[in-house]
Structures are given as C-alpha cells and as structure tokens.
Amino acid sequence: MEITEQCVVALTWTLKDTLGEELDVLDEPVEFLIGGGDLLAPIEKSLQGHAVGATLSLHIEPEEAFGDYDDQLIFLESRELFPAELEEGMTIEGCALPDGCNRDAPRDVLYTVSEIYPEHVVLDGNHPLAGIAIRLHLKVCGVREATEEEIGRGSTGTGFFRVQASMPESHLLH
C-alpha cells in the first residue's frame, strides 16, 4: 500500500541534530496518522507515495520543525508559587500557571521548568527542540488504512512531537 493522506504509517527512526548528536531513536515501529497532527509537515510530505521498506533521510530547518528559539518565552517566577515537589524538566501548561505568575506569559504554551533557585523558577515556553535543525533517518515498516476514530481524532494517539505536561499529583498539570 502506498502512503497517502488519511493512512497510518509505522516508522522507525534516528533523530539527530546537525552535529550528529542523537536526540531520539525509535527502534520499534510506532504508528502515526498521515494528514493529522502526529508528524511534522515536511515528514508527511516526504513520505507521500512511498511504501513499506522505504528509507528516507531528511534535513529539517527549525522554521519547518519546532520554530526558532524565542527568548521572550523565558519567565522568572517566584519559587513560592509552585509546589515543593517541583523539579527541573517538569512541564506546566500555560493555562494552569499559578495565580501570581507573570500576566504576559502566554497561556497557550507548555512551559518547561529549566532551572530552580531558592527564590525563583525559570520557565521556558520554547519547545525543547526549538532553534535546532534536525536530521531524521527513517524507515517505513508498515502502512495501513486509518480507522474512522483515528481520522476523527486527527491522531493515532502517539503524539511524539507534542510535549506533554508531567508534574504528578498537581492540579497545575495533567
């Protein structure tokens, strides 16, 4: 079966930055919906017309991937606004920032806790791969028709390119 819109592809890959540092490796095939929100547009476009067994090597610039790094998305917030169990690397949805946080901080952004100091917390609203050109070496391991549920949801549910909020036992995050 040839890859087209509204089908599901199973991929393995190695994701590297332009210096060759590995950022992610999928050794086991993971399914993604073509024409949904699972993959970056340049990946979907490159996959069109290929079939099982195809291998591709892609170079994707930041503006086609996760955007340029924006220092206007860095915010210093009072440490006392956050739970004691807050750790570096945790993520917080902008819509769930605690009362007292900077009102200029966009609420439609996912923030990563990049540093914690005794008096303040540094929140970074950039995607972890913002500003990075990526090299993706992928292999198509399977192609199938998408289910109605997957098409309606716009995803197989994998969400690889989405950063999920991850602070357990807090009403701030899910």
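Note that the numbering runs from 1 along the sequence shown for the chain. All figures in this text were calculated on a predicted structure; none of them were measured in a lab.
The CZ atom of R79 sits 5.0 Å away from atom CG of L86, with the distance rounded to the nearest 0.5 Å. Between S46 atom OG and L58 atom CG the span is 4.5 Å, to the nearest 0.5 Å. Put simply, CD1 on I132 and NZ on K16 are 15.0 Å apart, with the number rounded to the nearest 0.5 Å. With rounding to the nearest 0.5 angstrom, the CD1 atom of I116 is 8.0 Å from the CE atom of M90. L73 contributes atom CG, which lies 11.0 Å from atom OG1 of T112 (distance to the nearest 0.5 angstrom). A distance of 5.5 Å separates CD1 of I60 from CG of L40, quoted to the nearest 0.5 Å.
For D99 against L81, the heavy-atom pair with the smallest separation is O-CD2, 3.3 Å. Contact record, V121 with V113: CG1-CG1, 3.8 Å, taken as the closest heavy-atom pair. Nearest heavy-atom pair across C7 and M1 is CB-CE, 4.0 Å. When all heavy atoms of L33 and G154 are compared, the pair lying nearest together is CD2-C, 3.4 Å. Closest non-hydrogen pair, Y111 versus P106, comes out as OH-O, 2.7 Å.
When the ring pair (Phe, Tyr, Trp, His ring centres under 6.0 Å) test is applied to H120, the partners found at least two apart in sequence or on another chain are Y117. For A51, there are no side chain to side chain contact (heavy atoms under 4.5 Å, CB included) partners, not counting sequence neighbours. Residues meeting the side chain to side chain contact (heavy atoms under 4.5 Å, CB included) test with E2, sequence neighbours left out: none. Checked against side chain to side chain contact (heavy atoms under 4.5 Å, CB included), E149 has the following partners two or more places apart in sequence or in another chain: T147, R153. Here R107 pairs with L97, A105 under the side chain to side chain contact (heavy atoms under 4.5 Å, CB included) rule; sequence neighbours left out.
Relative ring orientation between F66 and H127 is described as parallel, the plane-to-plane angle staying below 30° on a 0-90° scale split at 30° and 60°.
In the displayed structure, E63 atom CD is contacted under 6.0 Å by more than 12 heavy atoms of other residues, nucleotides or ligands.
Side chains of F32 and V30 form a contact here, defined as non-hydrogen atoms less than 4.5 Å apart. Taking 4.5 Å as the limit, every side-chain heavy atom of L123 sits out of range of all side-chain heavy atoms of N102. By the 4.5 Å heavy-atom criterion applied to side chains, I74 and N126 are counted as neighbours. The closest side-chain heavy-atom distance from D104 to Q72 is not below 4.5 Å.
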Test log, rule side chain to side chain contact (heavy atoms under 4.5 Å, CB included), inputs I34 and L39:
CA-CA 7 Å; I34 300 295; L39 293 169; 3.9 Å; yes
(Q) side chain to side chain contact (heavy atoms under 4.5 Å, CB included) for D24 and W13? Distances and angles first, verdict last. (A) CA-CA 8 Å; D24 185 65; W13 68 46; 3.0 Å; yes
Donor-acceptor pairs are to be reported for all side-chain atoms of residues 133-145 against protein atoms at under 3.5 Å, with residues two or more places apart or in another chain.
from	atom 1	to	atom 2	distance (Å)
R135	NE	H59	ND1	3.4
H137	ND1	S57	OG	2.8
R144	NE	E31	OE2	3.1
R144	NH1	E150	OE1	3.1
R144	NH2	E31	OE1	2.9
R144	NH2	E150	OE2	2.7

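Between the side chain of E22 and the backbone N or O of T14, no donor-acceptor pair lies under 3.5 Å.
Under the 4.5 Å side-chain heavy-atom criterion for ILVMFWY residues, a single connected hydrophobic cluster contains both V52 and L47. Tracing side-chain contacts under 4.5 Å through hydrophobic residues (I, L, V, M, F, W, Y), one reaches I3 starting from L56; they form part of the same cluster. Hydrophobic clustering of Ile, Leu, Val, Met, Phe, Trp and Tyr side chains at less than 4.5 Å, counting indirect connections, unites L26 with I43.
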